[in-house]
There are 2 protein chains.
Amino acid sequence: MSQTVDRALSILPLLAEGPADLGRVADRLGVHKSTALRLLRTLHGHGLVYRQSDQRYRLGARLFALAQEAMESLDVREIAHPHLVRLNETCGHTVHLAVHEDGEVLYIDKVDSRYPVRMYSRIGKPVAITVAAVAKLLLADLPEGERRAVAEKLDYPMYTVRSTPNAAAFLKELATVREQGWATDLGGHEESINCVAAPVRGADGRVVAAMSVSAPNVVVTADELLTLLPLVRRTADAISGEYSGRTPVKGTAE
Amino acid sequence: MSQTVDRALSILPLLAEGPADLGRVADRLGVHKSTALRLLRTLHGHGLVYRQSDQRYRLGARLFALAQEAMESLDVREIAHPHLVRLNETCGHTVHLAVHEDGEVLYIDKVDSRYPVRMYSRIGKPVAITVAAVAKLLLADLPEGERRAVAEKLDYPMYTVRSTPNAAAFLKELATVREQGWATDLGGHEESINCVAAPVRGADGRVVAAMSVSAPNVVVTADELLTLLPLVRRTADAISGEYSGRTPVKGTAE
DNA sequence: AATGAGCATTGCAAATAGTGCAACATACCT
DNA sequence: AGGTATGTTGCACTATTTGCAATGCTCATT
């Protein structure tokens with residue numbers, strides 16, 4: 001909607017790929033160097049872009065601070081965290097919390113596995129939306145129309161042979177998930193990693209977040225992991241209760 | 001330098017304070033609502049801003065992803081991490097890694113204490129620049145002129161009675177730190193917390209990062225913490241060696 | 001139900017603010 | 001020294017953004 005801002009913001013993902021010099025930025029944006037320079041200067045003024053000693057630009061410090069603050073203002077996260085920790089202490093595996101936003105699903109919290117073999121993931125990283133158990137739960141809750149629209153627009157990369165191959169299969173899976181109220185990812189993203197997930201619901205019953213337990217085959221088989229499902233669901237329900245204000249929060253006066 | 005972009009970017013810190021509706025954003029920016037709307041729409045288009053169900057705006061998901069990517073492209077962090085972990089395993093206390101950027105110092109990595117009493121800090125959070133041990137090291141390395149300029153511009157909040165009170169005291173402290181090659185913060189930020197820190201240097205000898213070990217009084221006294229100094233310095237030196245390419249990296253072929 | 005207040009949204013004409021050009025400056029390499 | 005590649009500035013032009021006023025929308029109140 002605003003050309004100048006649009007161009008300026010396009011610089012950020014570009015720099016996320018790695019540091020770039022003025023010429024490169026101008027080229028990629030398709031604008032004159034002087035234009036790119038002024039945009040970069042403005043971004044720099046706000047700390048979103050940093051100019052390193054070799055004159056090249058990269059993403060700046062303020063970005064971290066902003067992301068931090070944004071994260072802290074997510075109250076589901078705040079409420080869920082202790083539950084995630086407790087669940088991790090009980091079962092020992094990696095626990096994730098994810099939310100949906102504008103067609104992307106991303107992890108907003110994570111408690112690492114106690115086992116030496118850990119799966120790779122990062123808070124803030126968008127998840128493999130077509131296969132992740134948490135993504136299925138979050139998308140399954142969308143209204144019919146929106147769900148179809150999102151599913152059609154997605155790419156369906158075949159991470160493994162068990163990955164969701166296309167929109168039709170995905171929608172079918174979402175219907176199942178919606179029905180049963182929980183989801184799994186059995187080797188759909190990484191051959192040897194399985195997840196079970198359950199939804200966190202707000203006061204109106206809508207899914208506001210999803211949590212999952214993930215573990216590699218070498219630690220527990222898929223069947224063993226599935227025995228944790230009741231526990232995962234109970235934990236998610238506990239978070240839902242607290243989030244929607246139904247359950248008084250333990251250890252908090254007032 | 002670019003008014004439109006400048007205004008748009010000013011929205012981000014504003015939203016970091018918490019969700020805001022259109023009117024509020026327009027007011028704070030000092031522009032007409034329609035203008036604010038178009039700016040927000042552009043930000044939204046890039047995922048930096050999200051519109052929640054109650055129509056208010058808050059910071060968006062892409063921000064997390066960008067911050068993550070930026071973080072991952074910092075190679076000091078990559079190299080330092082295993083060293084921080086090892087140091088934490090040895091001494092058990094919280095270990096931090098910080099860098100300096102445009103007058104701000106911020107944590108880029110952290111390994112939490114094994115003790116139940118932990119200090120509060122967050123990766124990405126700007127540190128208390130006038131008192132933190134890592135900040136002293138990073139600023140002490142700046143060229144004379146720049147160091148003075150930065151010191152004069154800072155605020156000197158008295159977090160505790162031991163906080164650095166003013167620019168003169170700060171510059172004196174920086175001179176000492178520069179001389180001795182390590183720094184401490186003994187209750188300057190939080191009454192009961194002490195830190196010892198050492199610098200990580202690049203091939204040219206310039207300080208590129210600083211690391212610290214922090215622990216509350218209730219766990220170890222300041223004197224006991226100081227006995228860790230040689231270990232902290234050795235760790236920092238090991239990182240420096242690897243970062244500047246002098247030391248071949250353990251466990252990596254080629 | 002109906003009214004109205006409060007907020008978001010759109011089209012439009014005025015002019016401000018952003019653009020690309022070309023010239024200049026600077027660093028680096030041969 | 002000369003030349004190339006890159007970053008930087010001043011300026012004239014016009015495309016872009018702006019604020020206004022009018023329109024929709026949603027929700028609370030009577």
Side-chain angles (χ1 to χ4, degrees), chain A residues 1-15 17-60 101-102 142-143 145-146 202-206 244-245, chain B residues 1-15 17-60 101-102 143 145-146 202-204 206:
Chain A
M1 289 265 115
S2 165
Q3 189 187 71
T4 320
V5 177
D6 191 49
R7 284 172 172 172
L9 297 182
S10 304
I11 294 178
L12 299 178
L14 193 159
L15 290 185
E17 296 168 19
D21 61 24
L22 180 60
R24 190 182 170 70
V25 173
D27 279 355
R28 295 277 305 261
L29 278 185
V31 298
H32 198 267
K33 281 189 304 178
S34 57
T35 304
L37 178 67
R38 281 178 292 241
L39 296 176
L40 281 164
R41 281 230 257 260
T42 311
L43 289 167
H44 178 93
H46 287 257
L48 298 183
V49 145
Y50 177 67
R51 188 146 203 204
Q52 37 188 37
S53 45
D54 63 350
Q55 300 227 100
R56 291 186 308 164
Y57 296 89
R58 59 171 177 71
L59 294 179
E101 186 174 315
D102 281 327
L142 292 178
E146 215 175 315
D204 54 0
R206 294 280 318 264
S244 56
Chain B
M1 288 265 111
S2 166
Q3 189 188 72
T4 319
V5 178
D6 191 46
R7 284 173 171 171
L9 297 182
S10 305
I11 294 178
L12 299 178
L14 193 157
L15 291 184
E17 296 168 20
D21 61 22
L22 180 59
R24 191 181 169 71
V25 172
D27 280 353
R28 295 277 305 261
L29 277 187
V31 299
H32 197 267
K33 280 190 303 180
S34 58
T35 305
L37 179 67
R38 282 178 290 240
L39 296 176
L40 281 165
R41 281 230 255 259
T42 311
L43 289 167
H44 178 92
H46 287 257
L48 298 184
V49 147
Y50 177 68
R51 188 148 203 204
Q52 37 187 38
S53 45
D54 63 351
Q55 299 227 103
R56 293 186 307 164
Y57 296 89
R58 60 171 176 71
L59 294 180
E101 187 175 314
D102 281 326
E146 216 174 314
D204 55 0
R206 294 280 317 261

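All figures in this text were calculated on a predicted structure; none of them were measured in a lab. Every chain is numbered from 1, with letters handed out A, B, ... down the list of sequences.
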DNA chain D nearest-nucleotide lookup for Arg24(A) and Arg7(A): closer to the 5′ end is Arg24(A)
Closest-nucleotide 5' rank along DNA chain D - winner of His32(B) and Gly23(A)
Gly23(A)
Specify the separation, in whole Å, of atom [atom1] of [X] and atom [atom2] of [N].
X	N	atom1	atom2	value
Asp54(B)	dC25(D)	CG	C1'	16 Å
Lys33(A)	dA23(C)	NZ	P	14 Å
His44(A)	dG7(D)	NE2	P	15 Å
Arg38(A)	dG10(D)	CZ	P	11 Å
Leu39(A)	dA17(C)	CG	C1'	13 Å

Is the shortest side-chain N/O distance from Thr35(B) to OP1 or OP2 of dG19(D) below 4.0 Å?
yes
Is there a side-chain polar atom (N or O) of Gln3(B) under 4.0 Å from OP1 or OP2 of dA17(C)?
yes
How about Arg56(A) and Arg51(A): do any of their side-chain heavy atoms sit closer than 4.5 Å?
no
Decide yes or no for Val49(A) and Arg41(A): does some side-chain heavy atom of the first lie under 4.5 Å from some side-chain heavy atom of the second?
no
Rounded to 10°, the helix from dA1(C)-dT30(D) to dT30(C)-dA1(D) deviates from straight, judged by its five-pair end axes, by 40°
Would you please test Leu12(B) and Leu59(B) for side-chain contact (heavy atoms from CB on, under 4.5 Å) and show each step?
CA-CA 7 Å; Leu12(B) 299 178; Leu59(B) 294 180; 3.8 Å; yes
State, to 0.1 Å, how close Leu29(A) and Arg7(A) come at their nearest heavy-atom pair, and which atoms those are.
CD2-O, 3.6 Å
Tightest non-hydrogen contact, residues Val25(A) and Ala36(A), listed as CG1-CB, 4.3 Å
Let's test your reading of the model: under 3.5 Å, does the base of dG19(D) pair with the side chain of Ser34(B) as donor and acceptor?
yes
Lys/Arg N to Asp/Glu carboxylate O, Glu101(B) vs Arg58(A), below 4.0 Å:
yes
Pick base, sugar-phosphate or nothing for Arg51(A), based on heavy-atom distances below 4.0 Å to the nucleic acid.
sugar-phosphate
What contact category does Arg41(B) fall into here, base, sugar-phosphate, or nothing, at under 4.0 angstrom with non-hydrogen atoms?
sugar-phosphate
